[in-house]
K.L.:
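One structure follows; several queries about it will come next.
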Amino acid sequence: MTKTIQTTCPYCGVGCGISVKADEAQHHLKVSGDTAHPANFGRLCSKGSALGETIELKGRLLQPKVYGRETNWAEALDLVADSFTSTLKKYGPDAVAIYGSGQLLTEDYYVANKLMKGFIGSGNMDTNSRLCMSSSVAGHKRAFGSDTVPGCYADFEQAEMIVLIGSNAAWCHPVSFQRIRAAKEANPSLKIVVIDPRRTVSCDIADLHLPLASGSDAVLFNGLLHFLSEKNALDSAYILAHTEGFEAALSTANIDSEQVAALCGLNKDDVQRFYQWFASHDKVVSLYSQGINQSSSGTDKVNAIINCHLATGRIGKPGMGPFSLTGQPNAMGGREVGGLSHQLAAHMDFSNADDIDRVARFWGAQNIAQKPGYPAVELFDAIYDGKIKAVWIMGTNPVVSLPNADKVKHALQRCEFVVVSDCIENTDTTALAHVLLPAQGWSEKDGTVTNSERRISRQRALFQPAGSAKPDWWIITQVARRMGFEQAFHYQSPVEIFREHAALSGFENDGTRDFDLSAFADITQQDYEQLQPTQWPVNQAYPQGRARLFDDGRFFTQSGKAQFIAVTPRPPVNRPDQDYPLILNTGRLRDQWHTMTRTAIAAKLNQHKPEPFVELHPLDAQSYGLVANSLAMIESRLGSMLARVQITDSQLPGNLFVPMHWTGQYASRGRMGALVNPIVDPISKQPESKHTPARIKAYQPSWQGFILSCRELTINEPEYWVKIKGEHFYRYEVAGLSLPDNWQDWAKKSLCDNESATPQWQEYQDPGLGNYRAARFMGNRLESVVFIAKESMLPERNWLSGLFTKAELDKAERMALLTGRPPVGIADVGILVCACFNVGEKTIQAAIREKGLKTHQEVGLCLKAGTNCGSCVPEIKALLYKG
Ligand code: SF4
């Protein structure tokens with residue numbers, strides 16, 4: 001029977017509502033955007049649209065495992081509880097740690113944090129959200145006295161100017177970007193400025209792009225503050241009534257546009273244009289993301305932006321304000337419960353003795369931690385150094401995502417006791433666990449998440465759990481009870497945890513803390529089931545939630561006034577030098593999410609950018625002898641990776657960009673985390689993931705090739721391999737330094753997997769040119785193809801890939817097969833552009849050419865491409881531009 005359920009997308013911080021038709025018997029989902037959800041009003045991006053393809057049971061962790069052996073929950077939970085208890089008895093509470101994730105639901109996060117900080121008695125609970133937005137948390141706290149996002153998404157439609165700073169929202173927050181695009185189309189006078197060293201696809205709607213030098217954002221915003229003062233564009237009455245510290249901030253920002261342009265590597269006229277637009281538009285929203293946060297001066301950058309909004313009184317009112325876009329679906333929920341190691345709970349932290357006492361009394365915790373624990377990078381250093389002896393990692397993959405990731409791997413290899421709870425069995429991190437605990441996946445979980453605009457939404461279970469998988473809150477609660485904390489962890493369901501979380505937020509609050517859900521402290525099970533997306537605070541004063549804070553000019557500092565922060569810009573700590581002359585930048589792609597554990601399951605999401613790649617400027621490509629689509633080795637002082645070269649003038653000279661997603665499960669050497677330096681911001685402790693000195697050189701294999709197969713293969717011999725799941729096939733890109741003795745033997749070894757049936761082979765070989773091509777059939781059905789060449793002159797993969805959908809090949813196809821090109825009369829669709837409707841580049845080019853299409857809307861009408869999530873519109877426009 002099919003049932004319709006409203007839930008929330010588990011990927012990014014936009015927090016889109018999803019309407020799901022779930023067929024339990026068939027284990028099948030039909031996903032569409034929830035038209036009533038205020039975050040997306042029915043829109044979904046390519047990732048959200050493909051959620052129905054990520055729910056397969058293959059690859060799921062279905063049973064607890066202890067030292068590699070499947071077992072039952074009782075044994076696994078006993079072992080975790082006993083090991084944690086004996087470790088803390090022997091070495092003290094700071095010898096254990098939890099490392100959580102913005103993928104956890106708020107209820108999961110709450111009990112994990114309560115266990116560690118309240119009852120184990122250590123601050124050692126941190127989260128991967130540290131890598132994503134802890135600089136925003138610190139900046140908010142300094143300016144507002146609270147970690148508050150003042151505005152809401154509706155401000156996008158009401159703004160006169162939107163500034164995107166260090167944010168490729170078109171790919172990283174696609175539905176918010178589509179909302180901004182629609183606002184611009186409805187109101188062409190809406191000014192859009194993109195500030196980013198890269199000319200990303202977000203520039204598609206920009207009136208102005210400022211490609212500033214990496215790390216120079218604080219200079220630019222100090223210059224803006226100075227300019228606003230010089231041009232009498234300040235709101236002096238607001239500054240006087242509602243802020244403190246203005247004079248010090250202004251005198252520290254004493255820099256004119258010419259100096260700014262020189263220091264930021266920008267055109268002076270462009271800098272002045274941006275400043276004049278900012279000064280002359282009242283309703284300005286400044287959206288910022290990882291380009292600001294992931295920096296050794298990220299907190300100062302956040303405050304340099306906020307300073308400009310405070311100085312103009314542009315905060316808390318419709319269409320204006322600083323706005324941090326959070327990366328993960330529940331990064332905000334993590335902040336609410338105190339998931340960062342310096343936080344306590346409900347927006348209280350260790351810096352205030354009254355907070356510690358208050359939370360201890362509320363929890364009835366005799367042994368509450370008294371000081372912050374280790375933040376993420378230091379936490380894994382402490383594991384490496386043997387200070388932390390037992391760690392529990394929940395729903396995250398630090399062996400891939402943390403800076404200096406090889407050291408993180410070694411740290412876990414050296415750790416006495418590693419527990420990992422996850423829904424996926426094989427990740428780079430689960431491989432190092434002593435105990436594996438199967439957690440429920442997105443389609444099975446039940447609880448709440450909070451998005452970037454403070455909106456709490458329900459995530460609802462769609463299916464019965466897979467195998468023995470359990471909710472994270474249940475797993476944590478069971479361990480807590482076994483550790484002797486039965487009384488405080490008696491929960492039977494998520495609503496009980498949510499009630500307690502809400503009650504704590506209102507406990508002795510009296511308007512002194514921004515985060516207040518006291519109206520939900522007694523929420524019934526039924527109301528929780530039916531909870532509609534609501535922006536906190538939700539209390540007696542705002543029973544329906546509150547769209548904007550600070551509209552009354554009242555802040556959560558001691559004086560009630562917002563604080564200007566005097567910012568002295570600092571360059572990145574590690575700068576390029578003779579040996580490592582380039583700057584390595586890292587970031588997200590349109591169709592992948594984090595370490596690909598879920599998105600790589602959806603075939604259509606792997607076609608847009610199938611391999612790890614490195615983008616660099618044509619001048620750098622020339623200097624380093626790199627050609628497009630060749631392979632390159634990128635090295636930092638910490639590690640190296642291999643990636644496909646993409647040459648583009650959207651990069652500044654001297655800069656490299658690599659995607660953050662590839663893991664050891666999908667590529668032999670694609671983990672960018674192995675290169676990233678573990679330099680952190682001194683206040684927020686967020687790593688500087690966008691600025692690592694690096695170098696690049698051509699990687700020259702003796703041979704390159706690809707394999708397409710209807711079966712998943714074990715390819716681990718060549719130095720370079722990448723696994724790409726497609727519709728009805730797996731694709732392997734391969735390259736090697738040493739030539740096999742015999743290609744036939746190599747191909748047969750790679751493809752033949754103990755099969756009883758006898759395959760037929762088609763082969764072609766030109767040893768002089770180093771070419772080998774083979775096709776393997778079972779009857780008339782194509783089973784695999786292998787294409788090997790000395791150079792990278794290989795046919796495109798699209799037409800060949802499409803043959804795996806056919807029950808048998810016709811004569812023309814069989815004859816054309818080893819040429820790699822379709823027979824005359826059959827078109828190759830080219831690389832995928834529109835993931836929602838599976839439309840390839842060559843199909844779009846042909847339609848543009850043959851039908852004289854002039855706009856992306858016309859392409860949409862003709863092919864549907866770009867008409868769902870719209871994430872590919874910039875690429876369609878680029879194809880139209882090329883003609
Ligand atoms: Fe999910 Fe895309 Fe919405 Fe983000 S923008 S929540 S990934 S559908």
Side-chain angles (χ1 to χ4, degrees), residues 6-20 29-55 101-103 105 129 132-133 152-153 156 164 167-182 200-202 287 289-290 323-333 441-443 445 448-460 462 533 587-602 604-605 608-609 659-661 834-836 866-874:
Q6 314 302 328
T7 186
T8 312
C9 176
Y11 293 126
C12 83
V14 178
C16 295
I18 291 183
S19 182
V20 180
L29 291 183
K30 192 161 182 294
V31 166
S32 58
D34 179 352
T35 51
H37 197 291
N40 57 318
F41 294 113
R43 294 184 183 96
L44 290 179
C45 78
S46 51
K47 295 184 284 288
S49 301
L51 270 164
E53 295 175 37
T54 65
I55 53 166
S101 160
Q103 303 291 319
L105 303 184
S129 292
C132 157
M133 49 70 211
C152 58
Y153 295 154
F156 303 166
L164 282 164
S167 162
N168 181 13
W171 280 10
C172 306
H173 299 93
V175 166
S176 290
F177 184 79
Q178 293 312 319
R179 204 162 162 169
I180 296 168
R181 179 193 289 283
T200 64
V201 287
S202 297
L287 286 168
S289 188
Q290 320 315 25
F323 198 128
S324 147
L325 290 171
T326 46
Q328 296 195 76
N330 202 27
M332 290 284 276
W442 164 75
S443 59
K445 291 171 80 153
T448 56
V449 290
T450 309
N451 72 2
S452 294
E453 61 165 357
R454 292 175 280 105
R455 192 177 296 280
I456 298 170
S457 297
R458 286 281 278 112
Q459 210 174 85
R460 297 182 171 93
L462 312 172
R588 289 188 173 136
L589 298 180
R590 189 189 82 182
D591 289 354
Q592 294 294 348
W593 179 252
H594 279 197
T595 60
M596 298 167 68
T597 48
R598 287 175 296 177
T599 42
I601 298 170
K604 67 163 76 150
L605 297 182
H608 183 237
K609 298 283 182 189
M660 60 177 271
H661 305 290
C834 174
C836 298
T867 58
N868 182 36
C869 75
S871 302
C872 61
V873 167

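Ligands are counted one by one from 1 in listed order, and the atoms in each one are counted from 1 as well. Everything quoted here is computed from the prediction, not taken from an experiment. Here, residue 1 is the first one in the sequence, and each next residue gets the next number.
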K.L.:
Between R588 and H594, do the side chains contain an N or O donor and an N or O acceptor separated by less than 3.5 Å?
P.N.:
yes
K.L.:
Can you list, pair by pair, the side-chain donor-acceptor contacts under 3.5 Å of residues 168-176, counting residues two or more places apart and other chains?
P.N.:
unit_1 : atom_1 : unit_2 : atom_2 : d
N168   : OD1    : T200   : OG1    : 3.4
N168   : OD1    : S202   : OG     : 2.7
H173   : NE2    : T326   : O      : 2.8

K.L.:
Excluding sequence neighbours, so at least two apart, what forms side-chain hydrogen bond (donor to acceptor under 3.5 Å, both in side chains) with S289?
P.N.:
none
K.L.:
I'd like to know if the side chain of N868 pairs up with that of S49 as donor and acceptor (distance under 3.5 Å, no hydrogens or angles considered).
P.N.:
yes
K.L.:
Filter on salt bridge (charged side-chain N to carboxylate O under 4.0 Å, His left out), then keep only pairs touching residues 33-47, sequence neighbours left out; what's left?
P.N.:
none
K.L.:
Below the 2.8 Å mark, what number of protein N, O or S atoms do you get around atom 3 (Fe) of ligand 1?
P.N.:
1
K.L.:
Side chains of R598 and Q592 only: does a donor on one sit below 3.5 Å from an acceptor on the other?
P.N.:
no
